[in-house]
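Okay, so here's the structure we're looking at.
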Protein chains: 2
Amino acid sequence: MQDLRKSFHRDGPDVRRRALIEATLALISERGIEAASVRAIAARADVTQGLIRHYFSSKEELIAAAYAHHMAGLTEHSFTKDALDETGSAGARLRALVIASLTAPVVDPGALALWAGFMSRVQRDPEMRRIHAEAYTEFQKRCALLIEAALRDVGRDPTPDQIKRLTFAVNALLDGLWLEAGALPEVFENEDLPQLGLEAVGAVLRLDLITAE
Amino acid sequence: MQDLRKSFHRDGPDVRRRALIEATLALISERGIEAASVRAIAARADVTQGLIRHYFSSKEELIAAAYAHHMAGLTEHSFTKDALDETGSAGARLRALVIASLTAPVVDPGALALWAGFMSRVQRDPEMRRIHAEAYTEFQKRCALLIEAALRDVGRDPTPDQIKRLTFAVNALLDGLWLEAGALPEVFENEDLPQLGLEAVGAVLRLDLITAE
DNA sequence: ACAGCTGTTATACGATTGAATAATTTCTAC
DNA sequence: GTAGAAATTATTCAATCGTATAACAGCTGT
């Protein structure tokens, strides 16, 4: 009993996979994980629901793919060109990282909703957990390199253990600020979040990130 | 078509409400928000599903009540007796707060799963948002008092704005460490998380919390 | 002992879910 | 151009969801 058969349109696997992933992210971000039904996702991606299982063996697999995509995007947006610019000083790169991590589009209520929706599955879905650990480790690793270089630039000689602990702390600080600003944007809207981040990270590392050249 | 009618047992409103709330929390914590159906909750609380709507006008209301209960519990567990002990120095109380915030049962994968499950609703459910903002503000306020007192104890005279910003940073740090340890317990299991927290919070505040008396 | 109220159980309803399968369209290889 | 594979749409299925309502049980006041 169909009104009108949907027009047939063929697309490459990559295009379709990406469209489905982005539809999933948009739905979770806007209306929560429970709104991301296969039917809603398919409608958003402008395909019929059967197609999802042509590209993903289950909804769970699609969710996991979307999570990996989202996390990669967050890391991507945090490590901007400035943070990767090897000609800049380590301090300047670290500063760029802090600023980018605490600015839109990384700081964003939608991104937080996404993250929370996924995180509630990380605990008990092994594949989600793997993706989480991988993204986290990757971010941590790149962060640690920057921190070590910045410390060495000012003549400090931290032990590997010190670097590890400082990296944990800096990471936690960035995550915490990111989280709180995303959760209650109105509380932070008159705060200069990047500036606050630079001061706090600088304090933890005992480095001046504000005037770092 | 029932096998056997469930035995009738009467209980007070408070007992039943609490049992339903705790069943809800246990379910979300163990199997995620989507596992917390009215049927599953009722089964866990050992009542039949109709009873839920006798005490809560909707499932949403039960979820909100559970969230408020959970958040109050977290704050409760963070502000231990030591953190409230007015005879101790502000530094010692702050230290107690940091330690309690970074120790079980506050740091716990189940607590994180709960938090994430709820957080994914905070963005779009006004009542959930109200509860979140209230719990957050309460924690922040008590934290700010402790920070101000600790700073004054060592002769510093922070402006209200400085206190606010330091409180944001300390809060973010605690939340971030709490979060990361809850998300990947195996990464942190060989770390002394409270010690790490004391060092980092101390660095942000430029206070020695380790040997604080 | 009876009436009425409230706590509780049981059942029913319509909507929605993820998955499976069937039917249709398009493309590619020959 | 025709056969077969691949991509897409359409339909079906059993299960589960939140809610609503009906039936029952036990207490309380008289």
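Naming: A, B, ... by sequence-line order, numbering from 1 per chain.
- A straight line from CD1 of A:Ile63 to P of C:dG18 spans 9 Å, rounded to a whole angstrom.
- Taking the side chain of B:Arg10 as heavy atoms from C-beta on, and the options C:dT8, C:dA19, D:dT19, the nearest nucleotide is C:dT8.
- Taking 4.0 angstrom as the limit, B:Arg53 places none of its side-chain polar atoms (N or O) nearer than this to OP1 or OP2 of D:dT21.
- Atom pair A:Glu60:CD and C:dT17:P shows a separation of 17 Å (rounding to whole Å applied).
- Taking atom CZ of B:Arg17 as the reference point, atom P of C:dG7 lies 12 Å away to the nearest angstrom.
- The separation between B:Lys59 atom NZ and D:dT19 atom P is 8 Å, rounded to whole Å.
- Atom CG of B:Leu173 is separated from atom CG of A:Leu177 by 8.5 Å, given to the nearest 0.5 angstrom.
- Ranking D:dA10, C:dT11, D:dA23 by closeness to the A:Arg5 side chain, first place goes to D:dA10.
- As judged by a 4.0 angstrom heavy-atom cut-off over every strand, A:Ser57 is placed among residues making no nucleic acid contact.
- Residue A:His54 places its side chain closer to D:dA7 than to any other of D:dA7, C:dA19, C:dT8.
- For A:Phe8, whose side chain is taken as the heavy atoms from C-beta onward, the closest listed nucleotide among D:dA7, C:dT17, D:dA10 is D:dA7.
- More than 12 non-hydrogen atoms from other residues, nucleotides or ligands lie less than 6.0 angstrom from CD of A:Glu61.
- Taking atom NZ on B:Lys6 and atom P on C:dT9, their separation rounds to 4 Å, with Å as the unit.
- Atom CZ of A:Arg16 is separated from atom C1' of D:dA7 by 9 Å (rounded to the nearest Å).
- Following rounding to the nearest Å, B:Phe56 (CZ) and D:dG18 (P) show an atom-to-atom distance of 15 Å.
- Around atom CD of B:Glu138, more than 12 heavy atoms belonging to other residues, nucleotides or ligands sit under 6.0 Å away.
- Within 6.0 Å of CZ in A:Arg129 there are more than 12 heavy atoms belonging to other residues, nucleotides or ligands.
- Spacing between atom CD of A:Gln49 and atom P of D:dC13 amounts to 14 Å, rounded to whole angstrom units.
- Between B:Thr103 and B:His77, the closest side-chain pair of non-hydrogen atoms is not below 4.5 Å.
- The side chain of B:Leu51 lies closest to C:dT8 when the candidates are C:dT8, D:dT9, C:dT17.
- Listed by residue number, the members of residues 18-45 of chain B with any heavy atom below 4.0 angstrom from DNA chain C are B:Arg39.
- B:Tyr55 comes within contact range of the sugar-phosphate backbone alone, with a heavy-atom separation under 4.0 Å but no base atom that close.
- A:Thr159 and A:Asp161 form no side-chain donor-acceptor contact under 3.5 Å, judged by distance and modelled atom types alone.
- A salt bridge does not link A:Glu30 to B:Arg124: none of the charged nitrogens lies less than 4.0 Å from a carboxylate oxygen.
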